[in-house]
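Down below is the structure, laid out as C-alpha cells.
It should be emphasised that the depicted structure is a prediction, and the values quoted were computed from it without experimental measurement.
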Amino acid sequence: MHNHALQPSRAALMALTLATIICANAAETQSLNPKQAYVKKATWAETMISTRANCAEWIKEAKPKEGQLVGTPLPRLWALIKRDWPAQCGWFAKDLPRNRHLDWFLHARDIGF
C-alpha cells in the first residue's frame with residue numbers, strides 16, 4: 001500500500017533542498033568577510049596591499065564593477081582599515097572622492113598605489 005499523500009511532501013522537500021544548495025553556492029561565490037580579509041601590517045601601504053590581495057578571489061568570482069561597490073562588503077572592510085589608519089584613509093578618500101577609493105581594491109594585480 002502506497003501513501004500518495006507523501007508524494008507532494010517529498011517533492012517539496014526535494015525542491016527545498018535544491019534551493020538551499022543553489023543559494024549556498026551563490027553565497028559562497030559572493031561572500032567576503034571583511035574581518036578575515038583585513039590584515040593590519042606595520043605600515044598603511046603594506047596593510048592596503050595585503051588586504052587587497054585577500055580580496056582578489058572574491059573580486060574574481062563576484063566581478064564587482066568600478067563605481068558600484070557601495071552595496072558590497074568593501075565599505076565594511078574600508079571601515080576596519082580607517083579605524084586603524086584614519087589620517088591615511090582620509091587622504092586616500094580625498095584623492096579618490098565619491099567612493100572611488102573602494103575601486104582601488106579591484107586592481108589586485110597592481111603592486112602599488
Side-chain angles (χ1 to χ4, degrees):
M1 184 166 143
H2 294 284
N3 189 344
H4 294 286
L6 292 179
Q7 293 299 340
S9 296
R10 190 175 293 161
L13 181 59
M14 288 175 61
L16 181 59
T17 302
L18 181 60
T20 302
I21 291 168
I22 290 169
C23 289
N25 286 338
E28 275 182 31
T29 300
Q30 297 186 8
S31 65
L32 174 70
N33 183 334
K35 290 181 181 180
Q36 290 178 344
Y38 178 57
V39 180
K40 185 175 182 186
K41 297 285 188 172
T43 68
W44 177 73
E46 291 172 316
T47 298
M48 291 288 286
I49 291 169
S50 294
T51 300
R52 179 174 63 180
N54 287 344
C55 297
E57 190 63 32
W58 171 77
I59 289 166
K60 181 180 172 183
E61 291 180 14
K63 296 178 178 57
K65 304 254 188 284
E66 285 191 17
Q68 300 175 8
L69 299 173
V70 174
T72 71
L74 287 178
R76 292 191 315 270
L77 177 62
W78 181 255
L80 293 174
I81 299 168
K82 188 176 178 180
R83 179 190 65 204
D84 291 332
W85 305 96
Q88 294 85 345
C89 287
W91 300 327
F92 198 65
K94 184 178 178 183
D95 288 342
L96 297 166
R98 295 180 301 280
N99 292 313
R100 297 299 291 202
H101 61 282
L102 298 175
D103 293 342
W104 182 83
F105 289 95
L106 300 180
H107 303 281
R109 293 187 183 157
D110 300 337
I111 60 169
F113 285 87

> Quick one: OG1 on Thr72 to CH2 on Trp78, what's the gap to the nearest 0.5 Å?
Replying inline: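 Here the interatomic distance stands at 13.0 Å.
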
> Out of curiosity, Cys55 SG to Leu106 CG, how far, rounded to the nearest 0.5 Å?
Replying inline: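 Here the rounded value is 9.0 Å.
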
>> Please enumerate all residues that pass side chain to side chain contact (heavy atoms under 4.5 Å, CB included) together with Lys35, with sequence neighbours excluded.
In response: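 Listed in chain order: Asn33, Leu80.
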
> Is the backbone N or O of Lys65 less than 3.5 Å from a side-chain atom of Gln68, with the two atoms forming a donor-acceptor pair by type?
Replying inline: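 No.
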
> Is it true that a side-chain atom of Arg52 and a backbone atom of His107 form a donor plus acceptor pair closer than 3.5 Å?
Replying inline: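 Yes, because the side chain of Arg52 sits within donor-acceptor range (under 3.5 Å) of the backbone of His107.
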
> Where is the tightest heavy-atom contact between Lys63 and Lys60, given as atom of each residue plus distance?
Replying inline: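 Scanning both residues completely, I find the closest heavy atoms to be NZ-O, 3.3 Å.
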
> Of the non-hydrogen atoms in Pro73 and Trp58, which two are nearest, and what is the gap between them?
Replying inline: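 Heavy-atom minimum between the residues: CD-CZ2, 3.6 Å.
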
> Taking the side chain as C-beta and beyond, is there a heavy-atom pair between Leu32 and Asn54 under 4.5 Å?
Replying inline: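 Contact flag for Leu32/Asn54 side chains = no.
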
> Leu102, Trp44: one ILVMFWY side-chain cluster at the under-4.5 Å cut-off?
Replying inline: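 Linked within one cluster.
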
> Does Lys40 count as lying over the ring of Trp85, i.e. NZ or CZ under 6.0 Å from the six-ring centre, within 45 degrees of the axis?
Replying inline: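 The answer is yes, since Lys40 meets both limits relative to Trp85.
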
> Which pairs with one or both residues in residues 67-82 pass salt bridge (Lys or Arg N to Asp or Glu O under 4.0 Å), sequence neighbours excluded?
Replying inline: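 Qualifying pairs, neighbours excluded: none.
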
>> Using the side chain to side chain donor-acceptor pair (under 3.5 Å) criterion, which residues pair with Ser50? Sequence neighbours excluded.
In response: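 Side chain to side chain donor-acceptor pair (under 3.5 Å) check on Ser50 returns nothing, list empty.
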
>> Just to verify, what does Arg100 make a salt bridge (Lys or Arg N to Asp or Glu O under 4.0 Å) with, not counting sequence neighbours?
In response: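 Listed in chain order: Glu66, Asp103.
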
